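In what follows, a structure is listed as structure tokens, so that the remarks can point back to it.
Please read all numbers here as calculations on a predicted model, not as lab measurements. Proteins come first, then strands; the chains are lettered A, B, ... in the order of their sequence lines, and each starts at number 1.
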Amino acid sequence: MKRTHHCGQLRLEHVDEEVTLCGWVNSYRDHGNLVFIDLRDRSGLIQVVFDPEYNLESHRLARSLRCEWVIACRGKVRPRGQGLENPKLATGQIEVIVEQLDLLNTAKTPPFETDSADQVNEEIRLSYRYIDLRRKSMQNRLKVRHQVTKITRDYFDEQGFWEIETPMLGKSTPEGARDFLVPSRLYKGNFYALPQSPQLFKQILMVSGCERYFQIVRCFRDEDPRADRQAEFTQIDVEMSFVDADDVMTVNERLIARIFKKILGVEVPLPVPRMTYAQAMDEYGIDRPDLRFDMKLKDLSDLVKDSSFKVFTSVVEKGGVVKGFCAPGGGRYSRSDIEKTMTEFVADFGARGLAWFKVGAAEGGGGLELKSSIAKFFTPSQQQQILSRFNAAEDDLILMVADQVETANKALAPLRVRLGKELGLVREGDYRFIWVIDFPLFEWNEGDKRFDSLHHPFTSPVPEDLEKLDTDPGHIRSQAYDLVVNGSEIGGGSVRIHNPLTQAKVFDLLKITRQQARDRFGFFLKALEYGAPPHGGIAFGLDRLVMLLTGTDNIRDVIAFPKTQRGQCLLTDAPSEVDASQLEELNLRVQKHLHQLEQEP
RNA sequence: GGGGCCGUAGCUCAAUUGGUUAGAGCAUCGGACUGUCGAUCCGAAGGUUGAGGGUUCGAGCCCCUUCGGCCUCGCCA
């Protein structure tokens, strides 16, 4: 029997047609004489009916069917009787009365019920991923992921980009994340590294005259995973020649707008607005601000430095800041919420404390005042200034961290997001895009007494700051840009250095010696000397993009076969030990840890 | 490397201060049933409480070790 239709397609217009369907038994309801099966394929569910008066043999076979068995059936589409429609199914107006049933395969009882798998332990879902992926929600995520890559390929093709593959087996460099290493059989003792990104190859493709490159490419970073991070992930990687930062942002924001339009029907207003890194850090404490709600951070240092609250004054004297934000309606939080839950929360990010004021009606009537165990350290005038800086209203909650500005930001930014969500300031289906620009080129690494690249060492300074390479490297702005939506960085890139002299100066500041630079990037620096065009690009995290589009905060949900937080694949049991002969061939010996040796007889 | 939460039947969860034979719903198996759609009804089976050790007259519960999962800090140019 050849399939003629998909289960989820059938509608009233197909009534009286003879159809053949294939799929899995989603559920069965056996009434002794009448048997109902909800048949499932990728397209959806449909009810098929077995009636002994219609076909005795099929009915007998149908009674033995079980969940997840695979069948094909041929029958006639008919409308359901009056009052028998099922509004829960897209196909609920009709059903198929089956003439012929073929059992294509049986199935063991699944380890979990597919209908309720959302509540099932993820460990079991990952071990039986093929069953987990049968679920509609998971199939939708795979489908959206496919749609995103399809839209991306179509879009870049229209724009004159070529998709070019770059090597998976590359050269290890000690910068950046830890590499995954692959031993070479032919060069014993030598290793390839899996790419952390195709950065240098795509720049070399610009030197090669390809002009417009993109690639949907797997990248590997051997660092500890997070809910939104996996050692193996996918980038939409882009590079363009003869462009400035504006050109790259324009081309790429149009791609993202098209993806959101086609998949969610969401109109992304173009051009996407821009915000400097300095403003983002100042007002949101983070370089990826969530703009779905206001609740901006304010610096109160100037107002509180003259208070009698020693904690604040001493921090300001030491060059720190008192920064905070005002949570509208936050008065409903209890003292224990603030002094325990929230304080522990910010402590995780290095803050030593969390100060707070509740905003209440002033005693004696008229106006507002601050209510808190520390309110007494602030004069009425100081209190009023604080209230007016936040434009605070009754029942608001003001939360503050006093520390070095980096620490204060680091603690306040996640607290702001957490409260924004808890207080219901985030509207479902709201997407706020922003380009964050004018990043610093370097940040000072006090431990190693040198500069580190904020983006990567090939990022170009903005032209007017070029001279500061010699005079004031700490204040150079880079031509880097991150695309941020709802507090999540979905992509980032830069205009690159195409001048070998500038590149050499940057390496100097990073304390990468000429010798080291030659060893690690010699092939690339050499390429720059052979007519490198001005170029720039960007890379988007495909996984995070699909997470946004499908409304999950778990990266494993958008990867067909993901790994656990310890980097294990529970389906295949990778990684695993290998045969001694394989090691032999690679000239490798595994050194066991002492505790393992002790356990052996 | 650090911190937190979790692990009891196939799945989701209960189990009083440490106290009888570790329960329930769903799933499974058997039976009944002609319009169900999370079918219903009757019945049955199902457990090394992640593993190992300890304390105790007695441990799912307390202690130690260990394995695994998730979240997180560090890390992720």
Side-chain angles (χ1 to χ4, degrees), chain A residues 26-39 45-54 59 63 66-68 78 80-89 91-92 95 97 108-128 131-132 173-179 196-197 199-200 219-231 233 344-351 410-411 414 439 441-443 445 451-459 478 480 489 492 494 506 510 512 520-521 541 553-556 563-566 568 570 595 599:
Chain A
N26 196 68
S27 59
Y28 59 91
R29 296 174 291 280
D30 181 353
H31 285 242
N33 263 325
L34 220 43
V35 175
F36 301 95
I37 300 271
D38 285 347
L39 185 63
L45 291 175
I46 188 166
Q47 172 166 282
V48 297
V49 188
F50 299 86
D51 185 337
E53 289 175 17
Y54 200 83
H59 174 263
R63 293 200 68 185
R66 291 296 177 265
C67 286
E68 301 305 322
R78 68 184 191 191
R80 296 199 186 187
Q82 191 86 42
L84 297 174
E85 302 88 351
N86 184 353
K88 291 182 196 164
L89 293 186
T91 57
E95 64 189 9
I97 177 73
K108 292 175 82 170
T109 302
F112 52 87
E113 295 157 62
T114 49
D115 279 346
S116 53
D118 281 329
Q119 346 286 338
V120 172
N121 189 340
E122 198 175 2
E123 205 174 337
I124 290 154
R125 288 174 49 203
L126 291 176
S127 306
Y128 294 89
I131 295 170
D132 191 33
T173 55
E175 285 76 25
R178 193 176 294 115
D179 281 325
Q196 295 183 23
S197 85
Q199 184 62 36
L200 296 181
C219 302
F220 305 86
R221 294 177 190 174
D222 190 5
E223 300 292 346
D224 289 357
R226 284 287 186 282
D228 63 348
R229 222 165 69 190
Q230 184 106 155
F233 63 101
E344 281 170 11
F345 181 77
V346 295
D348 272 351
F349 297 92
K410 208 162 179 186
F439 283 82
L441 188 63
F442 300 117
E443 58 188 349
N445 180 332
F451 287 100
D452 283 338
S453 291
L454 204 73
H455 197 59
H456 60 55
F458 316 107
T459 303
S478 72
E489 184 214 315
S494 63
V506 168
L510 297 172
I512 297 174
R520 295 172 198 171
F521 317 111
D553 50 13
N554 179 351
I555 193 171
R556 295 176 297 280
K563 296 191 172 49
T564 68
Q565 196 156 57
R566 298 206 42 194
Q568 224 187 353
L570 296 180
H595 64 268
Q599 280 170 10

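Checking the phosphate oxygens (OP1, OP2) of B:G69, a side-chain nitrogen or oxygen of A:T564 falls inside 4.0 Å. Of the side-chain N and O atoms in A:K410, one or more sit less than 4.0 angstrom from OP1 or OP2 of B:G74. A sub-4.0 Å separation between OP1 or OP2 of B:C71 and a side-chain N or O of A:Q565 is present. The shortest distance between the side-chain N/O atoms of A:Y54 and the OP1/OP2 oxygens of B:G35 is not below 4.0 Å. Contact check, A:N33 against B:U34: a side-chain N or O comes under 4.0 Å of OP1 or OP2. For the OP1/OP2 pair of B:A39 and a distance below 4.0 Å, the side-chain nitrogens and oxygens of A:R29 include at least one atom meeting the criterion. Taking side-chain N and O atoms only, A:R226 has no distance below 4.0 Å to OP1 or OP2 of B:C71. At B:C13, none of the side-chain N or O atoms of A:Q119 fall inside 4.0 Å of OP1 or OP2 (strictly under the cut-off). A close approach under 4.0 Å does occur between a side-chain nitrogen or oxygen of A:R221 and OP1 or OP2 of B:A77.
To the nearest angstrom, P of B:U12 lies 15 Å from CG of A:D115. One interatomic measurement links the two molecules: CD1 of A:I124 to P of B:A27, which rounds to 18 Å at whole-angstrom precision. Remark: C1' of B:U12 and CG of A:N121 are 10 Å apart, rounded to the nearest angstrom. When the P atom of B:C75 is taken as reference, atom CZ of A:R178 falls 12 Å away, rounded to whole Å. For A:L126 and B:C70, the CG to P distance is 7 Å, given to the nearest whole Å.
We find that A:R229 and A:D224 are not joined by a salt bridge, their nearest charged nitrogen and carboxylate oxygen being 4.0 Å or further apart.
Contact of A:E113 with B:G38 (side chain to base): no donor-acceptor pair of N or O atoms is detected under 3.5 Å.
Residue-nucleotide stacking is present for A:H31 and B:A39, judged by a side-chain ring centre under 5.5 Å from the six-membered base ring centre and planes under 30° apart. Centre separation under 5.5 Å together with a plane angle under 30° does not hold for the ring of A:F112 and the six-membered base ring of B:C11, so they are not marked as stacked.
Across all their heavy atoms, A:C67 and A:Y28 have their closest contact at N-CE2, 3.8 Å.
In this entry B:A24 has B:U12 as its Watson-Crick or G-U wobble partner, both defining distances falling under 3.5 Å.
Aromatic rings from A:Y54 and A:F50 are positioned such that their centres are separated by 6.0 Å or more.
Within a 6.0 Å radius of NZ in A:K410, other residues, nucleotides and ligands contribute 12 heavy atoms or fewer.
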